[in-house]
Chemist: 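Before I ask anything, let me first share the structure, which is written out below as structure tokens.
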Amino acid sequence: MTTYNPQQVELHAQKLWETHKSFEVKADDSREKYYCLSMFPYPSGKLHMGHVRNYTLSEVIARYQKMQGKNVLQPIGYDAFGLPAENAAIKHKKAPAEWTYANMQEMTAQFKRLGFAFDWSRELATCQPDYYRWEQWMFVQLFEQGLVYRKDSVVNWDPVDQTVLANEQVIDGKGWRSGAEVIRKTIPQWFLKITDYAEELLESLDHMPGWPDSVKTMQRNWIGKSKGLELDFQVENFGQISIYTTRPDTLYGVSYMAVAPEHPLALQAAENNPEMATFLQQCAKEQSNEAAMATMEKKGMYTGLDATHPLTGKKVPVWVANFVLMTYGTGAVMAVPGHDQRDFEFAQKYGLPITQVIDAEGDLSTAAITEKGVLINSETFNGMDFTQAFEAMAKQFKADGTGRVQINYRLRDWGVSRQRYWGCPIPIIYCDDCGAVAVPAEQLPVVLPENVEFDETGGSPIKRMPEFYATSCPKCAAPAKRETDTFDTFMESSWYYARYTCPQYSGGMLSEEADHWLPVDQYIGGIEHAILHLLYARFYHKVLRDQGLVKSDEPFVNLLTQGMVLKDGAKMSKSKGNTVDPQDLIEQYGADTVRLFSMFAAPPEQSLEWSDEGVEGAARYLNRLWFQVTTFNEAAAGQVFSLTGELDKAQQAMRLKVHQTIEKVTQDIGVRQTFNTAIAAMMELTNGISKFNDDSNNGMAIRQEAWSSLVKMISPFAPHMAQALWAAMGHSTILCDEMWPKVDPAALIQDEIEMVVQVNGKLRAKLSVAADASKAEIEALALADENVQKFVADKTIRKVIVVPNRLINVVVS
RNA sequence: GCCGGGGUGGCGGAAUUGGUAGACGCGCCGGAUUCAAAAUCCGGUUUCUUCGGAAGUGCGAGUUCGAUUCUCGCCCUCGGCACCA
């Protein structure tokens, strides 16, 4: 017997797989395909436990599916553009490309050491021109089709560093490096019309049974479809403002209007009013992200302008309010303090009238009444319910042309411009005469210069590199300037899963192979991507489809959202400095232990609070398994045992346990995706077999079947050890090419079943009952039990509930 | 603030369709082995208890013969909120 040496066993298995190209796959119509994908990593440095968990999850699924006989594609690559590389450039005076490539190399070595079944021949990195040229190409297509447009939009501006900051770089309203107060600045940026796809993105969610309900709900709410009225209000000395409301039934309760600080009306009001100008400046210092907007103190100022109420003709004051979003609806709202809590608070603060126009439960002296009900104080609309009022109002406004029914989405178009260096250049050229012109396809890619130097401010180097931006107009050949903004990195991560099907293809964005592999059968990634990445990728896939590049409607059939790996209660991330380095654990225990533990510690969808303790347990288990199997192999001495004749009770029980475990593990991996319980079941079986010391022929046959099944079932988790044990059993094949063990239905037949007896829901006895016993027999048996009698004796039996194969509940009083 | 999760022994977690709460593992306790220790193996381990039992799954109600599971109201916590990825 040899002792278990994980380092040796693991390197040996890895070499074996590499030599046999076990995980390099080609399109093969003779076998069912299975595309298993984990979200690719950002090359931040070393791997952390979140990575290990993520890739082990897809690994287990991929290896399991391969053992079901499928042609499994499991690729890997790097989401290589992004902010941390620029931060590192400032800090270490190293070009972002150099830092990124070094990290990729390090992470690749770690991935290989973990023995993941990746098809490395398909590796890609999004910062390579071969990759991003097609992203630029697609942008140009969309530009020409009108799915791309340019408009003014707000960014965080650091007035000291003279640079745009990411939300993450704004801490308590101040620039992370300069400490200066960040202000809102409006600059022109490029947008993709994701809202054109809002309806389909919403509707498709109803036909995606492989996605978790929670993610679908979040996406539905994010898209936020609503039906309302858009109404025009006339404002004297200004003109017309439009508002959108989903509650036209409360129109008679409007006591003021509110516009966003960036609204043209607000800007006009500030022209001759220094106080208003100061107020708008204050608003410009407030953060524009939704969380801040929703929680900050509600402030407003009267513009001095009044709107005319379209139904009553009365004057309604127009206010500027810091909580009105310019980006949603029309940037103006009607305020109904009686029936909207935010309007209510604002009205209370500024002494604006609060009137009740809906008859519903509530007390207007303390809070708004937000429930729907019958209209009151609403002239001819009195007595109508919400639906009647909505329709009647819609009809009336339509007739006089001042309002219309409108479907609105909360979803906004996707702003893809970033004023950063380390990203894919936006393929646009600005010409004084021709305007914004797309870079012609034959001039793509627009290559990002990689040898650059960063200054302290973190501003993009290409913005001061004429050799990059100076060019000529593709239309009129006059001197022109390239766009120096780059794409949002979500652009790269929105289609990489498709490019993996043909990573080296140079004839286009995607080859015909894309439709062989797509859609992805199983996608796995962090729950933090539930909305942004997953929605952008869904959108992009539909765009690819409409360009004729893929045939499917959705990119990911099944989605597994893994919980966060937490340390000290917070997301494990490099920026927080609370990461656990798996390298040390691999060196100490081996990759199999680290993989096994990351799957055993918690179910995949739950967040996992990391603790170093417990890894030991996984290592102990593998050691025990190694010892048990190698000891058995010695006893078996190369012989193959098969069952003959009748089995005794203990043998039957052992064989039952083996096949129950195969059934459970198969279900847990293949259907439930609860890998922690699969491992627990295998541990239980291991304990069971090691206590079953039957040396008879049938005993040996059962043990041989048990160990061999167990080695196969543990192989997705601990593939190196499993391979070594498989070889030690005398097999010359590669285990990952073998078929998954099958359940023998005959082994599952039981003639006696244990049932529980309750009296008034409390456990009082356990019974062993013949499998074919009738209800009456079971009932009689339960009532005959001594302990049951004790609790029943002096009472009246009201009823007896028999749940087949489970329990008997005797209800007494 | 809004949207979506989570809360069960000392700890990670299990209970798959409303049916034995605590599987499996960690830790701890006891024993074997050892000169000794580590490792390993065996046994025990929710709490209280008058040893009959009783209580118990964040808190408070409800539905049910029966609730960790369903309903309502709270509390705490994690993720997301459009420029972190």
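Each chain gets a letter, A, B and so on, in the order the sequences are listed, and its residues count up from 1.
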Chemist: Would you write the dot-bracket representation of RNA chain B, where each base gets (, ), [, ], | or . depending on whether it forms a Watson-Crick or G-U pair under 3.5 Å and with which partner?
Modeler: (((((((..(((......[....)))((((((.......))))))(((....)))..(((((..]....))))))))))))....

Chemist: Which value, in whole Å, describes the distance between the P atoms of nucleotides B/rU64 and B/rG58?
Modeler: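 So the two P atoms sit 23 Å from each other.
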
Chemist: Quote, to the nearest angstrom, the P distance that separates B/rA67 from B/rC75.
Modeler: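 Here B/rA67 and B/rC75 have their P atoms 26 Å from each other.
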
Chemist: Between A/F191 and A/K151, is there a cation-pi geometry (under 6.0 Å to ring centre, at most 45° from the normal)?
Modeler: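 The answer is yes, since A/K151 meets both limits relative to A/F191.
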
Chemist: I'd like the P distance from B/rG44 over to B/rC78, given in whole Å.
Modeler: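 Those two atoms are separated by 39 Å.
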
Chemist: Applying side-chain contact (heavy atoms from CB on, under 4.5 Å), name anything that partners A/Q287, two or more places apart in sequence or on another chain.
Modeler: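 side-chain contact (heavy atoms from CB on, under 4.5 Å) list for A/Q287, sorted by chain: A/V170, A/N289, A/A292.
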
Chemist: NA contact type, A/V155, heavy-atom cut-off 4.0 Å: base, sugar-phosphate, or nothing?
Modeler: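 Base contact - A/V155 has a heavy atom under 4.0 Å of at least one base atom.
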
Chemist: Can you list every salt bridge (charged side-chain N to carboxylate O under 4.0 Å, His left out) pair that touches residues 665-686 of chain A, not counting sequence neighbours?
Modeler: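 Found A/K657-A/E684, A/K664-A/D668, A/D668-A/R672.
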
Chemist: Between A/V811 and A/N167, who's closer to the 5' end of RNA chain B by nearest nucleotide?
Modeler: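 Upstream on the strand: A/V811.
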
Chemist: For B/rA54 versus B/rA21, give the span between their P atoms, rounded off to a whole number of Å.
Modeler: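 It comes out at 12 Å once rounded to the nearest Å.
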
Chemist: Pick the C1' atom in B/rU45 and in B/rG4, then give their distance to the nearest Å.
Modeler: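 Nearest-Å result for B/rU45 against B/rG4 at atom C1': 38 Å.
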
Chemist: Base, sugar-phosphate or nothing for A/I679? Non-hydrogen atoms, less than 4.0 Å.
Modeler: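 Contact class for A/I679: none.
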
Chemist: Expressed in whole Å, how much space separates the P atoms belonging to B/rG62 and B/rU57?
Modeler: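 15 Å, rounded to whole Å.
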
Chemist: When we call it a touch if two heavy atoms are under 4.0 Å apart, what does A/H529 touch: a base, just sugar-phosphate, or nothing?
Modeler: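 Contact class for A/H529: base.
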
Chemist: How is A/N687 classified with respect to the nucleic acid when contacts are heavy atoms under 4.0 Å: base, sugar-phosphate, or nothing?
Modeler: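 A/N687: backbone/sugar contact only, no base atoms under 4.0 Å.
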
Chemist: Taking syn as a glycosidic torsion within 90° of 0 and anything else as anti, which one is B/rG27?
Modeler: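 The base of B/rG27 is oriented anti (glycosidic angle more than 90° from 0).
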
Chemist: Regarding A/L535, tell me which of base, sugar-phosphate or nothing describes its non-hydrogen contacts under 4.0 Å with the strands shown.
Modeler: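 Answer is nothing: A/L535 stays at 4.0 Å or more from every strand.
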
Chemist: Measuring centre to centre across the rings, with the benzene-like ring taken for any Trp, is A/Y536 within less than 6.0 Å of A/W414?
Modeler: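 Yes, they do, as the ring centres are separated by less than 6.0 Å.
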
Chemist: Using O4'-C1'-N9-C4 for purines and O4'-C1'-N1-C2 for pyrimidines, with syn meaning within 90° of 0, is B/rG52 syn or anti?
Modeler: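 What B/rG52 shows is a syn base, its glycosidic angle lying within 90° of 0.
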
Chemist: Between protein and nucleotides 1-21 of chain B, map the contacts as a letter string: B base, S sugar-phosphate only, - none, heavy atoms under 4.0 Å, written 5' to 3'.
Modeler: B-SSS------BSSSB--BB-

Chemist: Roughly how many Å apart are B/rC59 and B/rC81, using the C1' atom of each and rounding to a whole number?
Modeler: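 The same atom, C1', in both gives a distance of 29 Å.
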
Chemist: Residues two or more places apart in sequence or in another chain: which of them pass side-chain contact (heavy atoms from CB on, under 4.5 Å) with A/A680?
Modeler: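 By the side-chain contact (heavy atoms from CB on, under 4.5 Å) rule, A/A680 matches A/F600.
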
Chemist: Does A/F490 reach a base, just sugar-phosphate, or nothing at all? Heavy atoms under 4.0 Å.
Modeler: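 Touches a base.
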
Chemist: Kindly indicate, with the supporting measurements, whether the criterion side-chain contact (heavy atoms from CB on, under 4.5 Å) is fulfilled by A/Y132 and A/T126.
Modeler: CA-CA 6 Å; A/Y132 64 68; A/T126 58; over 6 Å; no

Chemist: So what does A/N760 touch, heavy atoms closer than 4.0 Å: a base, only the sugar-phosphate, or nothing?
Modeler: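 Contact class for A/N760: none.
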
Chemist: Does the structure place the NZ or CZ of A/R764 under 6.0 Å from the centre of the six-membered ring of A/F791, at an angle of no more than 45° from the ring's axis?
Modeler: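 Yes, a cation-pi geometry.
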
Chemist: Hey, does A/R624 reach any base, or is it just sugar-phosphate, or nothing, if we go heavy atoms under 4.0 Å?
Modeler: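 Counting heavy atoms under 4.0 Å across all strands, the contact made by A/R624 is with sugar-phosphate only.
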
Chemist: Looking at B/rG25, B/rC83, B/rA82, which one has an atom nearest to any side-chain atom of A/V164?
Modeler: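 Nearest to the side chain of A/V164 among the choices is B/rC83.
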
Chemist: Is any N or O donor-acceptor pair between the side chain of A/R420 and the base of B/rC83 shorter than 3.5 Å?
Modeler: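 Yes, the side chain and the base share a sub-3.5 Å donor-acceptor pair.
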
Chemist: Per the atom types in the model, does the base of B/rC83 pair as donor or acceptor with the side chain of A/Q189 at under 3.5 Å?
Modeler: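 Per atom types, the contact qualifies.
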
Chemist: Could you check which of B/rA54, B/rA82, B/rC84 has an atom nearest any side-chain atom of A/R764?
Modeler: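 Nucleotide nearest to A/R764's side chain: B/rA54.
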
Chemist: Would you sort out whether A/Y496 and A/F40 count as a ring pair (Phe, Tyr, Trp, His ring centres under 6.0 Å), showing the intermediate values?
Modeler: CA-CA 9 Å; A/Y496 75 107; A/F40 63 169; 3.6 Å; yes

Chemist: Report yes if the distance between the aromatic ring centroids of A/W222 and A/Y409 is under 6.0 Å, otherwise no.
Modeler: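 No, too far apart.
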
Chemist: Less than 6.0 angstrom from the centroid, inside 45 degrees of the normal: does A/R184 satisfy that with respect to the ring of A/W157?
Modeler: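 That pair does not qualify as a cation-pi contact.
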
Chemist: Restricting to side-chain hydrogen bond (donor to acceptor under 3.5 Å, both in side chains), what partner residues turn up for A/Q667, sequence neighbours left out?
Modeler: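 A/Q667: no side-chain hydrogen bond (donor to acceptor under 3.5 Å, both in side chains) contacts found.
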
Chemist: Rounding to an integer number of angstrom, what distance separates B/rU8 and B/rG79 when you compare their C1' atoms?
Modeler: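 Comparing C1' positions in B/rU8 and B/rG79 gives a spacing of 22 Å.
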
